[in-house]
Amino acid sequence: MNTPENGNRTRRELAEALKTLLKRKPLEQMRVRELTELCGLRRQSFYYHFKDVYDLFDWAIRQEQAYLRGAREDCLTWRQAMGAVLERAAEERAFYQAVLRYRGRAGLREVFLLSEPLEAALAYYRTRSGLNPSSERAQVLCWETVLLSLLEGWISDDLDLTPEELLPVLEDAVIRKASLDAWETLWNESRQNE
């Protein structure tokens, strides 16, 4: 009998096999037979859960997104949250490279979900600078794109940095954003007082 737990276990095993194979070959060259052999499953088990390898990849992306969301919830600071994300991306680099290759920056945005922790970090630094903690959605999206660009370069191996080395670069970008907001606010207030 196929219980929900057995189904989830089978899906997780297939997702792990997918991540293992991504270290050796691109997604379009993967075959269901290879995945099922790695798991010790029959092909019918694969097709019971997924229609093809790309369907499995989509499911693995959603699982990774949920994993990262859960990992961030256990963190007290933005730095800890980003550290958890970077450590995971370093562990699963081949998977994240596949996300980037097949889904582009939008795929990374979907997996990383940076807007929530970024909004919290910007609010914190804006408050520390004496500003209203809220940011416009357009500003958050702009800085999310900056961070995604850095992450994209890092995942693509364009930036030869460890997660520990990349973390201060990302944090510095967020702090600079809040500082720019503070200077802009001061400038606008001084212009209004003239």
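A quick note: this is a predicted structure, and the numbers were derived from the prediction, not measured.
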Open item on the list: Between V99 and E110, is the side chain to side chain contact (heavy atoms under 4.5 Å, CB included) condition met? List the steps.
Closed with: CA-CA 10 Å; V99 171; E110 180 184 342; over 6 Å; no
Task: Residue pair D157, Q97: steps toward the side chain to side chain contact (heavy atoms under 4.5 Å, CB included) verdict - done: CA-CA 9 Å; D157 292 326; Q97 287 172 338; 3.3 Å; yes
- [ ] Decide side chain to side chain contact (heavy atoms under 4.5 Å, CB included) for F46 and L56; before the verdict, give the C-alpha distance in whole Å, the side-chain angles of both, and the deciding distance to 0.1 Å.
- [x] CA-CA 9 Å; F46 178 92; L56 168 60; 3.9 Å; yes
- [ ] Would you sort out whether L27 and L18 count as a side chain to side chain contact (heavy atoms under 4.5 Å, CB included), showing the intermediate values?
- [x] CA-CA 8 Å; L27 191 62; L18 174 95; 3.6 Å; yes
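Shown here for E87 and P163, the closest heavy-atom pair between the two residues is OE2-CB, 3.5 Å. When all heavy atoms are compared, the tightest approach of L114 to E144 is N-OE2, 3.9 Å. The shortest heavy-atom contact between E34 and R31 is OE1-N, 2.8 Å. Contact between L100 and L108 at its shortest, heavy atoms only, is CD1-CD1, 3.6 Å.
In this structure, Y96 and F112 have parallel ring planes: the angle between them is below the 30° cut-off, well short of the 60° mark.
R72 places a side-chain N or O within donor-acceptor distance of the main-chain N or O of L113, the cut-off being under 3.5 Å. With hydrogens and angles disregarded, a donor-acceptor distance shorter than 3.5 Å links the side chain of E165 to the backbone of T162. W59 places no side-chain N or O within 3.5 Å of a backbone atom of A15 that could act as its donor or acceptor partner.
S115 contributes atom OG, which lies 9.5 Å from atom CG of L148 (distance to the nearest 0.5 angstrom). Atom CZ of R88 sits about 4.5 Å away from atom CD of E92, to the nearest 0.5 Å. Here the straight-line distance linking atom CZ of R11 with atom OG of S45 works out to 12.0 Å at 0.5 Å rounding. Considering CG of L14 and CG of L38, their distance stands at 9.5 Å, rounded to 0.5 Å. In this structure, the separation between CG on L151 and CG on L159 is 9.5 Å, given to the nearest 0.5 Å. Summarising the geometry, atom NE2 belonging to H49 is positioned 8.5 Å from atom CG belonging to N8; distances are rounded to the nearest 0.5 Å.
At a threshold of 4.0 Å, the pair E64-K19 counts as salt-bridged, since one of the basic side-chain nitrogens sits closer than that to a carboxylate oxygen. Salt bridge absent: R12 and E16 never bring a charged side-chain N and a carboxylate O closer than 4.0 Å.
Applying the 6.0 Å contact sphere to CG of D160 captures no more than 12 heavy atoms from other residues, nucleotides or ligands. Enclosure of atom CZ in R105 by more than 12 non-hydrogen atoms of other residues, nucleotides or ligands within 6.0 angstrom is indicated.
In summary, the side chains of R109 and T145 do present a donor paired with an acceptor at a separation below 3.5 Å, with no hydrogens or angles considered.
You'll find the side chain of V53 stays beyond 4.5 Å of the side chain of F57, heavy atoms only. Side-chain atoms of Y47 and V32, non-hydrogen and from C-beta on, do get closer than 4.5 Å to each other.
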